Visitor: 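First the structure, which I've put down as structure tokens, then a few questions once you've had a look.
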Amino acid sequence: MTSFGLSAAAAMEIVYVYVKKRSEFGKQCNFSDRQAELNIDISPNPELAALYVERNPVDTGIQCSASMSEHEANTERFEMESCGVNHVEGGWPKDVNPQELEQTIRFRKKVEKDENYINASCSWARIMEHCIKQNNAIDIYEEYFDDEEAVEVTEEAPSAKTINVFRDPQEIKRTATHLSWHPDGNKKLAVAYSSLKFQRAPMGMSHDSYIWDLENPNRPEIALKPSSPLVTLEYNPKDSHVLLGGCYNGQIDLLGYPKGSLVAELSTIEFSHRDPVYGTIWLQSKTGTECFSASTDGQVMWWDIRKISEPTEVVIMDISRKEQLENALGAISLEFESTLPTKFMVGTEQGIVISCNRKAKTPAEKIVCTFYGHHGPIYALQRNPFYPKNFLTVGDWTARIWSEDSRESSIMWTRYHMAYLSDGAWSPVRPAVFFTTKMDGTLDIWDLVFKQCDPALSLKVCDDPLFCLRVQDTGCLIACGSELGTTTLLEVSSSLSTLQRNEKNIASSIFERETRREKILEARNREMRLKEKGKAEGKEDDQKEEEAALDLDELVGKAEEEFFKSSSRS
């Protein structure tokens with residue numbers, strides 16, 4: 001028997017003995033040098049060589065192009081499940097119950113009196129003191145050239161990549177008509193599904209809309225079950241458990257998914273809209289209970305969710321200011337800026353943007369002004385988050401940027417695209433960047449600082465027509481909804497989601513320059529119209545004088561004839 005021992009002098013002596021029999025060690029290896037040996041020698045055989053026949057010439061076929069092969073693989077979808085972990089407090093001796101406060105205090109006092117604890121704490125304190133002195137002596141995060149201007153560096157090219165795809169789980173596919181990000185953390189996405197084909201909705205179509213978790217695209221986290229298909233859906237910014245839905249039948253649904261995904265409140269049908277509700281927005285009020293909605297029936301209604309049965313106020317979109325519902329323009333999009341609490345804007349089916357004043361005393365004063373520019377419905381209307389005086393509209397084949405100081409024409413616009421535009425939005429972090437979707441499944445990202453004639457990035461998201469889009473508050477993620485209910489989540493590069501140096505000043509100068517240019521053109525057109533009007537009035541006066549002269553000559557001639565006739569008779 002042989003044994004080996006290892007010991008260390010510390011708080012206590014540690015000894016471990018390894019035991020093994022000598023017979024289990026195996027045979028000892030003895031190596032020695034010796035001369036090389038020849039084990040076998042095979043000499044050539046001439047008879048075998050005579051059996052081989054030389055082949056001459058030899059024909060071989062070759063290809064100039066590289067040989068390629070095609071393989072297909074069908075991978076299984078990765079499914080994720082959420083599991084909880086319960087952490088409990090540990091490290092206590094068996095005789096100490098961590099739930100008992102007195103026992104834990106008694107044990108702590110006992111440990112603190114131990115000499116080993118005091119020595120260990122003192123040694124650790126000396127190490128920590130040394131590190132603190134190092135940090136105080138040298139600031140490793142100090143900016144030595146903070147006052148110097150940054151050197152221009154080559155930025156990465158604009159790009160975007162698909163992160164997740166959320167598909168409508170129903171067999172009968174519906175259009176993803178509206179998207180809304182969760183206000184707390186933006187980790188969830190609410191999608192409204194409905195069919196906007198009038199009287200052509202298939203039988204058995206589901207009314208459900210869903211809330212998706214961004215990390216689990218396999219199945220929705222929560223199903224919302226409204227009484228009618230939802231056309232629009234918005235999270236309450238002050239209470240993320242409450243959503244405001246606009247229904248296809250014109251009603252307003254107040255959805256609260258902690259209550260079993262059922263409709264919490266529902267507006268009465270006689271006080272609701274007569275057409276589908278295409279726009280809903282929460283107001284920035286103290287209570288967080290006020291909102292308003294718009295529909296193609298020509299009405300904009302204000303609601304208080306504490307009494308959702310009927311609206312608190314109704315504004316009719318009649319630009320003749322006669323408050324007649326039969327003359328009202330159908331509302332498609334809404335815009336409300338919290339910094340301008342009395343103003344709101346409405347995009348109509350007729351391509352007109354109506355600016356309204358909610359606090360006006362008379363109904364005629366509620367419609368402040370109108371902006372004409374599109375040939376069809378305005379599907380998107382949004383103010384610039386940095387410069388609220390400028391706003392974006394998307395309709396027909398173009399996207400246009402407007403200024404409230406120039407009402408006769410937009411200050412900037414895109415070229416006419418081959419495909420119809422369906423939605424658009426500003427970037428929440430960059431004042432010169434906005435996004436548009438088209439009916440050919442393309443997402444266009446425009447950067448006015450980079451170039452203004454063409455999009456900075458054009459991305460083919462899917463083969464289906466894109467219907468809506470929504471940008472996350474951080475500007476990194478974009479959600480696009482298609483006509484077949486597929487919602488694609490994209491992540492843009494940092495160059496498109498990070499505020500560039502002096503971008504605010506550059507964007508402001510661009511908007512102001514274009515506004516001044518449009519004002520000059522408007523003044524010039526006004527002068528030309530006045531001149532043409534003056535010329536037309538001058539021509540009319542000349543014609544009237546000529547006609548009057550002709551009439552006078554005719555009267556004189558008639559009088560002379562009558563005089564001569566009477567004189568000849570006499």
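Small disclaimer: the values here were computed from a predicted structure and weren't measured. All residue numbers in this chain count up from 1 along the given sequence.
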Visitor: Test of understanding: with salt bridge (Lys or Arg N to Asp or Glu O under 4.0 Å), list the residues that count as partners of E290, not counting sequence neighbours.
Guide: none
Visitor: Can you tell if the side chain of E335 reaches within under 4.5 Å of the side chain of F391, non-hydrogen atoms only?
Guide: no
Visitor: For the atom pair NZ (K225) and CG (D253), what is the distance rounded to the nearest 0.5 Å?
Guide: 13.5 Å
Visitor: Is D184 atom CG crowded by more than 12 heavy atoms from other residues, nucleotides or ligands, each under 6.0 Å away?
Guide: yes
Visitor: Between Q382 (side chain only) and W426 (backbone N and O only), is there a donor and an acceptor less than 3.5 Å apart?
Guide: yes
Visitor: Hey, mind stepping through R517 and E514 against salt bridge (Lys or Arg N to Asp or Glu O under 4.0 Å) and telling me if it holds?
Guide: CA-CA 5 Å; R517 184 179 65 84; E514 297 299 325; 2.9 Å; yes
Visitor: Let me see the working for C462 and T486 under side-chain contact (heavy atoms from CB on, under 4.5 Å), right down to the final yes or no.
Guide: CA-CA 9 Å; C462 60; T486 301; over 6 Å; no
Visitor: So that I know where these two stand, are Y210 and F166 an aromatic pair - ring centroids less than 6.0 Å apart?
Guide: no
Visitor: Is there side-chain contact between L469 and C480, with at least one heavy-atom pair below 4.5 Å?
Guide: yes
Visitor: Regarding Q170 and D168, is there a side-chain donor-to-acceptor distance under 3.5 Å anywhere?
Guide: no
Visitor: So among S267, C247, S293, S309, which one has a side-chain contact (heavy atoms from CB on, under 4.5 Å) with S272?
Guide: S267
Visitor: Where do E483 and K197 land on the salt bridge (Lys or Arg N to Asp or Glu O under 4.0 Å) test, with the steps shown first?
Guide: CA-CA 11 Å; E483 193 176 35; K197 298 178 181 179; 5.4 Å; no
Visitor: Going by distance alone, is a donor N or O of one side chain under 3.5 Å from an acceptor N or O of the other, for T488 and T162?
Guide: no
Visitor: Does S422 use its side chain to pair, donor to acceptor, with the backbone of L466 at less than 3.5 Å?
Guide: yes
Visitor: Does the side chain of T437 come under 3.5 Å of the side chain of D423 through a donor N or O and an acceptor N or O?
Guide: no
Visitor: If only atom types and distance count, is the side chain of S355 paired as donor or acceptor with the main-chain N or O of V368 below 3.5 Å?
Guide: no
Visitor: Distance-only, no hydrogens or angles: does the D297 side chain make a donor-acceptor pair with backbone N or O of Q299 under 3.5 Å?
Guide: yes
Visitor: Counting only heavy atoms not in K451, do more than 12 sit closer than 6.0 Å to its NZ atom?
Guide: yes
Visitor: Is there side-chain contact between S206 and R174, with at least one heavy-atom pair below 4.5 Å?
Guide: yes
Visitor: For K460 and D440: C-alpha separation, side-chain torsions, deciding distance, then whether salt bridge (Lys or Arg N to Asp or Glu O under 4.0 Å) applies.
Guide: CA-CA 8 Å; K460 182 74 172 179; D440 60 357; 5.2 Å; no
Visitor: Under 30°, 30 to 60°, or over 60°: which ring-plane class applies to W402 and H374, parallel, tilted or perpendicular?
Guide: tilted
Visitor: May I have the step-by-step check of side-chain contact (heavy atoms from CB on, under 4.5 Å) for L392 and N384, ending in yes or no?
Guide: CA-CA 7 Å; L392 171 72; N384 190 295; over 6 Å; no
Visitor: Using salt bridge (Lys or Arg N to Asp or Glu O under 4.0 Å) as the criterion, list what pairs up with D275, not counting sequence neighbours.
Guide: none
Visitor: Which heavy-atom pair separates P183 from N236 by the least distance, and what is that distance?
Guide: CG-O, 3.8 Å
Visitor: Within the 4.5 Å heavy-atom criterion, are K173 and Y193 side-chain neighbours or not?
Guide: no
Visitor: Please check if any side-chain donor atom of E522 sits under 3.5 Å from a side-chain acceptor atom of S409, or the reverse.
Guide: no
Visitor: Examine distances only and state if a side-chain atom of K238 and a backbone atom of S285 form a donor-acceptor pair shorter than 3.5 Å.
Guide: yes
Visitor: Which label fits H375 and W397: parallel for a plane angle under 30°, tilted from 30 to 60°, or perpendicular past 60°?
Guide: tilted
Visitor: After noting the C-alpha distance and the side-chain angles of E313 and K366, does the key distance pass the salt bridge (Lys or Arg N to Asp or Glu O under 4.0 Å) rule?
Guide: CA-CA 12 Å; E313 185 180 353; K366 290 185 178 181; 3.2 Å; yes
Visitor: Among T342, V346, L340, find the residue that satisfies the side-chain contact (heavy atoms from CB on, under 4.5 Å) test when tested with F344.
Guide: V346
Visitor: Between M412 and L448, does a side-chain contact (heavy atoms from CB on, under 4.5 Å) hold up when you go through it step by step?
Guide: CA-CA 10 Å; M412 300 179 72; L448 301 180; 4.0 Å; yes
Visitor: Is there a side-chain contact between I319 and I354 in this structure, where contact means two heavy atoms from C-beta onward sitting under 4.5 Å apart?
Guide: yes
Visitor: Would you check if there is a donor-acceptor pair between the side chains of S495 and S493 at a distance under 3.5 Å?
Guide: yes
Visitor: Would a 4.5 Å heavy-atom cut-off, applied to side chains only, mark R430 and D447 as touching?
Guide: yes
Visitor: Start with the C-alpha distance between Y379 and L421, add both sets of side-chain angles, then the distance that settles side-chain contact (heavy atoms from CB on, under 4.5 Å), and finish with yes or no.
Guide: CA-CA 8 Å; Y379 293 112; L421 270 66; over 6 Å; no
